[in-house]
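All values derive from a computational prediction rather than experimental measurement. Hydrogens, waters and symmetry mates play no part in the numbers below; they use all other heavy atoms, side chains included.
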Amino acid sequence: MATHSIATKQAYTLPLMLLFALVAIFFTACEPDLKEVDRIANMKKEEAVDISRQVTVIYSDSTIVKAEMSAPEMRIKHDSTQVYEFPKGIKIIFYDKNVKETQRITSDYAIQHEANKTTTFKKNVIVTMADGSIIKTEEIVYDEGKESFYNQVPITAYFKDNRGNLQGSSFTSDKDFKKINIQNSTGVMIIKDNSMFPTFGQ
């Protein structure tokens, strides 16, 4: 009986060891396949985004050019978020009715949410007026519905002709940057030609 018991134990032990060996071989063999599955899954995720490079878009109304946008890369997400992303920076030039540049905005990153009609410019945001006045900040939001710009981060305005600068904790402005309100502002101005205060964006 003892011999039979040992034989039975051996009969069960060998297949169990073989099973472990087969499982190890199976997972070793499947490792590249699992990586391939991940790669395909990532490809499918990427397919949900259209990527365009060296993009230039002209915005016009009744054949009158209103603005020109250019970007090294634009990503369009094909889902309910309706998002346009510019991960490598953006430049938008605005024009008046005579197609004369009124101002431009550049930033290292931008994202447009079509659903709520807002465009957020981030990282090294610079607004340059035709007269040379400049706004610098790290974030500006454009609200298309209200036709206004705003932010909630520190901002610096440099007046034209090097006549001073102004810092603030945040700001609001109309779409043409003609009515600018800088909150908690401090700065320096230089009076020239009997001017009471330097013009900005006029």
Side-chain angles (χ1 to χ4, degrees), residues 51-61 64-76 83-114 116-192 195 197-202:
I51 301 175
S52 301
R53 292 181 172 84
Q54 302 305 322
V55 178
T56 299
V57 178
I58 305 295
Y59 300 92
S60 61
D61 183 11
I64 298 176
V65 176
K66 295 290 186 179
E68 178 181 349
M69 183 274 289
S70 58
E73 181 177 302
M74 179 176 69
R75 294 174 174 244
I76 305 174
V83 168
Y84 296 80
E85 187 179 21
F86 305 88
K88 297 183 179 181
I90 191 173
K91 177 175 70 176
I92 301 180
I93 302 175
F94 298 89
Y95 300 99
D96 62 14
K97 62 181 179 180
N98 298 315
V99 198
K100 181 180 178 181
E101 180 178 337
T102 57
Q103 69 261 358
R104 66 174 59 196
I105 300 176
T106 61
S107 65
D108 293 342
Y109 174 87
I111 185 166
Q112 182 182 60
H113 295 273
E114 188 67 23
N116 56 15
K117 302 295 182 182
T118 61
T119 302
T120 302
F121 303 87
K122 293 184 177 183
K123 299 177 183 178
N124 192 32
V125 184
I126 301 175
V127 181
T128 306
M129 308 301 174
D131 67 2
S133 301
I134 294 174
I135 291 175
K136 291 185 177 182
T137 184
E138 286 301 302
E139 179 176 295
I140 284 180
V141 180
Y142 176 65
D143 188 320
E144 184 178 341
K146 297 180 180 179
E147 294 188 333
S148 62
F149 289 89
Y150 66 90
N151 80 349
Q152 298 296 328
V153 298
I155 186 171
T156 301
Y158 298 90
F159 300 110
K160 71 174 188 176
D161 301 328
N162 296 317
R163 287 195 290 172
N165 58 65
L166 199 63
Q167 294 83 37
S169 59
S170 59
F171 96 117
T172 59
S173 172
D174 66 325
K175 66 181 180 66
D176 297 318
F177 288 96
K178 290 183 177 180
K179 297 178 180 179
I180 299 173
N181 182 17
I182 299 178
Q183 286 78 42
N184 303 312
S185 59
T186 59
V188 176
M189 69 173 184
I190 300 172
I191 304 298
K192 289 185 178 181
S195 172
F197 197 78
T199 59
F200 188 92
Q202 301 291 333

Would you call [X] and [Y] a side-chain contact if the rule is heavy atoms closer than 4.5 Å?
{"X": "D176", "Y": "T102", "value": "no"}
{"X": "V127", "Y": "F121", "value": "no"}
{"X": "Y142", "Y": "K117", "value": "no"}

Point-to-point distance, once rounded to the nearest 0.5 Å, from [atom1] of [X] to [atom2] of [Y]:
{"X": "F177", "Y": "T128", "atom1": "CZ", "atom2": "OG1", "value": "10.0 Å"}
{"X": "K66", "Y": "I58", "atom1": "NZ", "atom2": "CD1", "value": "14.0 Å"}
{"X": "I92", "Y": "E68", "atom1": "CD1", "atom2": "CD", "value": "10.5 Å"}
{"X": "T120", "Y": "I111", "atom1": "OG1", "atom2": "CD1", "value": "7.5 Å"}
{"X": "E101", "Y": "M129", "atom1": "CD", "atom2": "CE", "value": "11.0 Å"}
{"X": "Q152", "Y": "S169", "atom1": "CD", "atom2": "OG", "value": "8.0 Å"}

Write down the atom of [X], the atom of [Y], and the distance for their closest heavy-atom approach.
{"X": "A71", "Y": "G89", "answer": "CB-O, 3.5 Å"}
{"X": "F171", "Y": "I135", "answer": "CE1-CD1, 4.3 Å"}
{"X": "G168", "Y": "I182", "answer": "CA-CG2, 3.6 Å"}
{"X": "I134", "Y": "K136", "answer": "CG2-CG, 3.9 Å"}
{"X": "V153", "Y": "E138", "answer": "CG2-N, 4.4 Å"}
{"X": "Q103", "Y": "K175", "answer": "NE2-O, 3.4 Å"}

Checking the side chain of [X] only, and the main-chain atoms of [Y] only, is there a donor and an acceptor separated by less than 3.5 Å?
{"X": "N151", "Y": "E139", "value": "yes"}
{"X": "S148", "Y": "D174", "value": "no"}
{"X": "D131", "Y": "S133", "value": "yes"}

Query raised in the report: Between T56 and Q54, does a side-chain contact (heavy atoms from CB on, under 4.5 Å) hold up when you go through it step by step?
Result: CA-CA 7 Å; T56 299; Q54 302 305 322; over 6 Å; no
**Report entry** Sole residue of V125, I126, N124 in side chain to side chain contact (heavy atoms under 4.5 Å, CB included) with D108
**Finding:**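 Answer to the side chain to side chain contact (heavy atoms under 4.5 Å, CB included) test with D108 among V125, I126, N124: N124.
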Query raised in the report: F94 vs F149 aromatic rings, parallel, tilted or perpendicular, using cut-offs 30° and 60°?
Result: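 Rings of F94 and F149: perpendicular, over 60°.
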Query raised in the report: Going by atom types only, do Q183 and S170 share a side-chain donor-acceptor pair under 3.5 Å?
Result: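 Present: a donor and an acceptor within the cut-off.
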